[in-house]
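The structure under discussion appears below in the form of structure tokens.
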Amino acid sequence: MAAGANFKGIHVTNDLTRAKEPFEPADAEKVTMYVCGVTVYDECHIGHARAYISFDVIRRYLEFKGYGVYHIQNFTDVDDKIIRRSNELGIPFSELAEWNEKNYFKVMDALNIKRASVYPRATEYIGKMVELISGLMEKGHAYQSGGDVFFDALSFGAYGILSNKNLREDRFGSDEAPDGKKHPADFALWKSAKPGEPSWDSPWGKGRPGWHIECSTMAVNLAGATLDIHGGGYDLVFPHHENEIAQSECYTGKKFVRYWLHNGFVEMDKEKMSKSLGNVIAVSEILEKHGPDALRLFFLSAHYKMPVSYSDERVAESEKALDRFDVFFSKIEDIARRTRGTGARDSARELKAKIISARDNFIAAMDDDFNTPQAIAEIFSLIKNCNSWIAGAESEAEEITADEAGVLREAAAVVRELGNVLGLFGAAGRHEEDDTAVDDLVELLIRVRKIARDKKDWAVSDMIRDELAALGFTIEDGQSGTTWRKRK
RNA sequence: GGCGCCGUACCCAAGUGGCUAAGGGAGAGGUCUGCAAAACCUUUAUGCAGCGGUUCGAAUCCGCUCGGCGCCUCCA
């Protein structure tokens with residue numbers, strides 16, 4: 001393929017063309033990626049977690065491949081739901097928005113989701129939105145109806161290109177005579193203010209923006225007419241993203257988005273999870289039961305475009321799978337501490353080759369539309385190969401040498417590196433920066449326990465193990481000494 | 001009515017034209033071990049919803065059938 005300079009091997013499934021295409025951003029130094037953010041009227045639920053974990057991994061991988069990423073994610077801080085909810089609570093809408101915005105960061109930080117480059121708020125762009133709407137009116141793509149302004153869907157020939165709809169053949173909405181619209185597919189750019197609602201001045205009187213206009217406005221103002229990537233959940237394809245294309249392209253006259261990427265839904269009992277069905281689970285609720293990495297691994301075990309059925313049992317399985325990493329890391333640290341001699345047997349050299357190919361395979365999997373399940377499989381395979389080598393080496397007479405331990409550490413470094421690309425091992429409190437005083441005390445207890453074990457005093461030995469387990473430390477007696485690790 | 005997705009082992013889930021159908025969880029047997037745990041080895045789909053077709057060759061392409069789901073209305 002005649003690939004351009006900005007192609008680095010990644011292929012993505014573009015929802016605009018419904019085909020897998022080579023990913024070639026306009027500028028490798030600055031890939032522009034706009035991900036639809038939340039409407040801050042309620043807590044974050046697991047659907048949000050899935051969406052933002054998906055795009056977090058996409059962003060991390062782009063950066064891993066050497067792209068600079070300018071990541072825009074908005075906050076919708078004024079809309080019907082926010083107004084209704086704040087009225088119910090008897091607080092200003094801005095206060096509700098602010099509170100939920102804080103909750104958003106708290107939850108997403110806990111999930112180790114990288115912060116976007118900018119977080120524009122709808123209310124900060126009202127003036128720019130008015131500008132854009134005025135531009136659309138001048139070009140004949142919008143019309144006023146009372147105090148409302150609507151986008152004229154029929155005026156945009158490409159309307160329906162993303163969601164594969166046809167203005168003449170498809171149904172749009174249920175009402176035949178929608179209030180003031182010329183065509184049912186027309187949508188509000190500006191809504192006139194009703195009593196008691198927050199409002200802003202405009203050429204069409206006091207009012208507030210429609211839902212879709214904010215994303216177009218922010219994208220165009222922050223990133224320019226054309227975005228490389230625009231992301232969000234599949235539920236946004238229609239009408240939200242379809243309408244964004246219409247507004248933006250009519251305003252700028254340029255292609256709005258080169259690659260549209262959408263993540264699949266989280267389902268509950270084979271049913272879409274949604275507010276209207278009342279089957280949503282808050283992220284904070286999950287995090288009380290499972291670690292952030294468990295939830296992340298659970299989601300990444302399926303391709304980002306596929307629907308996923310949420311289940312506590314499945315997340316618990318991911319949590320167990322995660323143990324393999326912990327065991328692997330601590331085992332290798334252990335081996336590295338007690339090596340003997342130098343040099344490496346042939347099998348260790350073969351292992352080294354496997355490390356390299358595992359890394360290559362991981363990259364090949366991620367290059368293919370961010371195939372995280374395949375990528376994860378490659379990491380587990382590598383761990384299995386290492387464990388297998390260790391078991392074999394330990395059964396032999398010779399001790400593991402410093403050079404061989406070096407190969408194992410390389411493997412551990414690759415596992416960490418690739419795990420980080422997926423956003424794993426990054427949540428607060430894992431590994432590394434632990435309290436050394438606590439570590440020393442555990443080591444001390446293990447030495448005491450060894451004395452008891454040497455005397456075959458199993459009662460004392462088991463008591464220490466049980467008590468430490470109760471405190472969250474797992475003690476394991478291996479062939480060559482005792483190892484320990486902290487749970488979670 | 002229009003548009004679209006999915007059906008791979010006990011469960012989850014990659015693979016979408018050609019080597020032994022990844023990986024995780026679970027189960028069974030074994031090695032190691034004071035016990036436990038971990039790890040390792042072996043094992044669990046001659047088979048990819050069903051039926052036809054294309055092909056030297058299909059889980060993978062085409063058609064039909066059955067089953068599950070989504071969007072067309074606010075939603076990640």
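Chain A is the first sequence line, chain B the second, and so forth, proteins listed ahead of strands; every chain is numbered from 1.
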Counting just side-chain N and O atoms, does A/Ser395 come under 4.0 Å of either OP1 or OP2 of B/C40?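 It does not, given that no N or O in the side chain of A/Ser395 lies less than 4.0 Å from OP1 or OP2 of B/C40.
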A/Ser461 side-chain proximity, nearest of B/C74, B/G34, B/A76: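 The answer is B/G34, which lies nearest to the side chain.
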Nearest to the side chain of A/Lys165, heavy atoms from C-beta on, is which of B/C71, B/C35, B/A38?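 My answer, after comparing the listed nucleotides, is B/C71.
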Does A/Arg416 make a cation-pi contact with A/Phe329 (under 6.0 Å, within 45 degrees of the axis)?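 Yes, cation above the ring, under 6.0 Å and within 45°.
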Does A/Arg115 qualify as a cation-pi partner of A/Phe105, given the criterion of NZ or CZ under 6.0 Å from the six-membered ring centre and within 45 degrees of its axis?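 Because its charged atom sits under 6.0 Å from the ring centre and within 45° of the axis, A/Arg115 does stack over A/Phe105.
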Expressed as a whole number of angstroms, how long is the span from [X]:[atom1] to [N]:[atom2]?
| X | N | atom1 | atom2 | result |
| --- | --- | --- | --- | --- |
| A/Met306 | B/G70 | CE | P | 15 Å |
| A/His241 | B/C74 | NE2 | P | 14 Å |
| A/Arg18 | B/G70 | CZ | C1' | 15 Å |
| A/Asp312 | B/C12 | CG | P | 16 Å |
| A/Leu295 | B/C12 | CG | C1' | 15 Å |
| A/Phe325 | B/A38 | CZ | P | 17 Å |
| A/Asn361 | B/A14 | CG | P | 18 Å |
| A/Ile332 | B/C40 | CD1 | C1' | 15 Å |

Using the [atom1] atom in both, what is the distance from [N] to [M], to the nearest Å?
| N | M | atom1 | answer |
| --- | --- | --- | --- |
| B/C10 | B/U16 | C1' | 26 Å |
| B/A58 | B/C40 | C1' | 37 Å |
| B/G24 | B/A13 | C1' | 8 Å |
| B/G68 | B/U73 | C1' | 23 Å |
| B/U60 | B/C6 | C1' | 15 Å |
| B/U46 | B/A9 | C1' | 14 Å |
| B/A22 | B/A45 | P | 12 Å |
| B/C61 | B/G29 | C1' | 42 Å |

Checking A/Asp312 against A/His290 for the side chain to side chain contact (heavy atoms under 4.5 Å, CB included) test, could you report, in this order, the C-alpha distance in whole Å, the side-chain angles of both residues, the deciding distance, and whether it holds? CA-CA 9 Å; A/Asp312 273 333; A/His290 308 284; 3.4 Å; yes
List the steps, then state whether side chain to side chain contact (heavy atoms under 4.5 Å, CB included) holds for A/Phe362 with A/Leu422. CA-CA 11 Å; A/Phe362 175 96; A/Leu422 301 178; 4.1 Å; yes
So [X], base contact, sugar-phosphate only, or nothing? Heavy-atom distance under 4.0 Å.
| X | value |
| --- | --- |
| A/His45 | base |
| A/Arg85 | nothing |
| A/Glu267 | sugar-phosphate |
| A/Val266 | base |
| A/Asn371 | sugar-phosphate |
| A/Gly37 | sugar-phosphate |
| A/Asn387 | sugar-phosphate |
| A/Lys305 | nothing |
| A/Gly47 | base |

Under the side-chain hydrogen bond (donor to acceptor under 3.5 Å, both in side chains) criterion, do A/Asn243 and A/Tyr159 qualify, and how do the steps go? CA-CA 8 Å; A/Asn243 291 349; A/Tyr159 194 86; 2.5 Å; yes
Closest-nucleotide 5' rank along RNA chain B - winner of A/Lys81 and A/Ser309: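 Upstream on the strand: A/Ser309.
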Return the 5'-most residue of the pair A/Ala302, A/His240 with respect to RNA chain B, ranking by each residue's nearest nucleotide.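 That would be A/Ala302.
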Is there ring stacking between A/Phe265 and B/A76, where the centres must be under 5.5 angstrom apart and the planes under 30 degrees?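 No, A/Phe265 does not stack on the base of B/A76.
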Within 6.0 angstrom of A/Lys450 NZ, more than 12 heavy atoms from elsewhere: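 It does not: A/Lys450 NZ has 12 such atoms or fewer within range.
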Is A/Lys114 atom NZ crowded by more than 12 heavy atoms from other residues, nucleotides or ligands, each under 6.0 Å away?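 Result for NZ/A/Lys114: enclosed.
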Parallel, tilted or perpendicular: which describes the rings of A/Tyr104 and A/Tyr119, with under 30° parallel and over 60° perpendicular?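 Perpendicular.
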Where does the angle between the aromatic ring planes of A/Tyr34 and A/His230 fall among parallel (under 30°), tilted (30 to 60°) and perpendicular (over 60°)?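 Answer is tilted, since the angle falls between 30° and 60°.
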Do [X] side-chain and [N] base share a donor-acceptor contact under 3.5 Å?
| X | N | value |
| --- | --- | --- |
| A/Arg465 | B/A37 | no |
| A/Asp477 | B/C35 | yes |
| A/Asp235 | B/G70 | no |

So does A/Asp80 pair up with A/Arg84, basic N to acidic O under 4.0 Å?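 A/Arg84 and A/Asp80: not salt-bridged.
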Taking only nitrogen or oxygen atoms into account, show me every contact under 3.5 Å that the protein makes with nucleotides 21-24 of chain B, one pair per line with its distance.
residue	atom	partner	partner atom	Å
B/G24	N2	A/Glu317	OE1	3.4

Minimum heavy-atom distance A/Lys81-A/Tyr41, with the two atoms named: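 In this case the closest contact between A/Lys81 and A/Tyr41 is CE-CE2, 3.4 Å.
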Base-paired stems in RNA chain B, each at least three Watson-Crick or G-U pairs under 3.5 Å: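 Stems found: B:1-7 with B:66-72, B:10-12 with B:23-25, B:26-31 with B:39-44, B:49-53 with B:61-65.
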Quick one about A/Glu313 and A/Ser311 (side-chain donor to acceptor, distance below 3.5 Å, no hydrogens or angles considered), yes or no?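 On atom types as modelled, these side chains qualify, holding a pair under 3.5 Å.
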